[in-house]
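Here's the structure, in structure tokens; my notes come after.
Just follow the structure's listing: the first ligand is 1, and inside any ligand the first atom is 1. Residue numbers start at 1 and run along the sequence shown.
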Amino acid sequence: MTVSSVHIIATSLEELRALDKYELDLKHRAARQLAVDRFMVPGMLTDEQIREIEAAGYTVEVISDLSQVAAERVKEVSLVNRFVEARGITEFEERAVLGYMTADEVESALINLHTLHPDLVTLIELPNRSWENRISRAVRVRAGTNTDRVGVLFTGSMHAREWGGSDICITFLVNLINAYRANNVLTYGGKSFSATQVRTVLENVDLFVFPDVNPDGKKYSQTHDPSSGQSQSFWWRKNRNPNTAVGSSTLGVDLNRNFDFLWSSGIGTSSSPSSYTYKGASAFSEPEARNVRYLFETYPSIGYYVDIHSFSGLILYSWGDDNNQNTEPGQNFFNPAHNGKRGIPGDTLYREFIPTLDENTAVSLANRMSDALTAVRGQSYTVQQAVGLYPTSATSDDYAFSRHIVNGLSRNVYAYTIEFGQEFVPPFSEMSNIIKDVCAAMSELCWAINSDAYVRDNPTDTGAVPSSGPFWNSPDVWVRNAEDGGTTHQDTVRGRDNFVYVRVNNRGQAEARDLRVRTYLANFAGTQFSYPNDWIPRNPAGGGSLGSPGTYLIGQAQIPTLAAGSSQIVSMRWVSSLIPPALNWHPCLLVEVSPNGGPLIAGNNVWDNNNLGQKNITIINARRGEIVEFPFVVGSTFSLISSGDLVLKRIRAPRAVGIFLDVKDPAILGTLRPSLTVVPSTVSVQPVAEVHPIGTVATLLQPTSVAIPLPAPWRGASDESLVLNLPANTRIEIRNSQVERMVAPFRRPSLISGFELVTLQDKPLLSLSSLKPGRIRLPIKAGEAKQMALQVVIPKTAAVGDRYEFQAVQNDRSGHAVGGVVLEIRIVA
Ligand SMILES: [Zn+2]
């Protein structure tokens, strides 16, 4: 039977997608739009299938006779195992030019790499044997003793006929290890990595390589002689599951449709065992797919993943099920409310959420791989979102990238599929060139992730996470009234454009590239901003004008390159229409810098993700004698952290300035003092002398009587008062007349310190009476948010121009600051 490599042409996207009903062997991810009314997908069709499709109105262009191709390629498979001896691996380059590796050779090569380099190479025997009872192995390669590493996983030959993935993986390992051993430059055509770069990679990165995911399939493909009418076997794609358990006589599951990402959705998969994209009986039904999962589960440091396939010349990044979007976090694969709406790329009904930080990182690293690949010999691979024209589900790359969303404790894994070359099995002479191309891309990825851009949380922050100390006043973020390059913060001036400056630092050993800095105006409603939700602007493209308080994009800046250990400052115009009014806003600047990199796990808070920055710019203008109210939210509905306590502190304010915490929730007050009785009382004092200059403390110079009107329950018909006779030199406090003390003391000092309970304008408040910080325990769970407020009583004795500053810090249960707010007040009249 003749099998041909073809291009199927359709005149519309709908027509192209309608091809799915014919159960053809299509190269979906390589589909392209050639013109307004010309859509093309490559495929592998029998003569009979070509006739059927042409009859249905499609145009079929025959590229080559694959029976012929198969007959040529099968001669390029070694008949003997070239790597049975460890010695073979040292002469690897000479031996490998002889042709494609077999499944047995891949195993021998891994074992012998370990034998030759036991200090660098750890052999990982994977727990699941293939259907034909083969043991699969991966290796971990590392040098040195650094324990703070990020892992990169490469997998090859998941699809049986895509042989070259294994050859790429083994060559990559051998060349990298040889260069490290010899302290040599690593060269692929026009692309080189210095000995220092090689050393940096091996000493800071954990390399995981699983070169032959589907050994049964490779063996089946390589041992079927196409000249004896077995060319379809030669072009086998799936694994070798006999499928008898599902009552089928057709073999094989498409491993790259068997992963647990929207597996049930059926998007781009088939439930029919005879299909090329048969997804299996259940997610991870296949031992080969479970072996890949095992690596992610066993080595949680893995933060990058590349699955190597052929063909098309593509570098694909997530997602594959639908077009990406950055503005609707609820529209995500994990939300069952959208079941049935996904998988139609190009529509607006559903698009898959990806935070801008992640999308920029995915694209930036893909571009670095693509550039390195081009440098080898001028090949050009297209970087694009995996969805392309056909959506997919249950693929390895999206599974890897979805893990941290399904399980918040998993690391974020940036995942790629590389589709090398222009045919499934290129002639080995061309494959040798492709191996260099892809190895350069893989090496570049391993190098690039050693960059680590960050924005400091405070002056002592080195970019390590979690940072300690305040994080809400980044020294790397400031405002200028003009674009004058000044490096000190100025108060925002309304009615004109201002400029936001951001300093980006690179703490890594590699140059960072294609950095994108986004600055947002946020309403400082809370102590705790959570990524990505609080970084999603109401004006996604920037510009426009402000509506109600919320998050708005001020602007974006790019830094093409940032050398290791260096810093660069960028500025963004803050248009006057996006400068908030004095009322109802408590503005704060939020910053995100991509790409993400380095060994650190990125959290969703400013303090545990060094790519995020925050600067509180709330300033309240006040008059003497006024009471200023500052509402804020403690906790966050997006947060995974339970609160421990809240600490209120005067940064700059004399005792005369009354500061009160209004916790609002009676339940919280109740936990502080379970049997609270509010008994208001008024104190009148006279005569008073020698008033303390600040006005809060007085000393009686002579014996004095103080009359306190009795509260209602005790007051009879007459105007009886409680009279206190105080001796001379009694020290009394004079408080703002609006403040009244509670009669009953707190009973549970472990839950509260530094505060006393008072009433101000009939509200129970916690007064910070001393200069020391006050602390209360907060019974706030993860995902819970509580509205609270600060009340500041400005003394009548304050002077115009006085500035006061207060800080409220929210700690988690181990005392680490997870939220914070600074309130600055200026006396203007
Ligand atoms: Zn493939």
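Residues S221 and W163 bring a donor and an acceptor atom of their side chains to less than 3.5 Å of each other. In this structure, a donor-acceptor pair under 3.5 Å is present between the side chains of T155 and Y305. Between the side chains of Y220 and Q222, no donor N or O sits under 3.5 Å from an acceptor N or O.
Scored by the ring-ring contact (aromatic ring centres under 6.0 Å, His included) test, Y416 finds no partners at all (sequence neighbours excluded). With sequence neighbours left out, D358 forms a salt bridge (charged side-chain N to carboxylate O under 4.0 Å, His left out) with no residue at all. Taking the ring-ring contact (aromatic ring centres under 6.0 Å, His included) definition, one finds that F259 meets it with F284, Y399, sequence neighbours left out.
The count of protein N, O or S atoms under 2.8 Å from the Zn ion (ligand 1) stands at 4, with waters excluded from the count.
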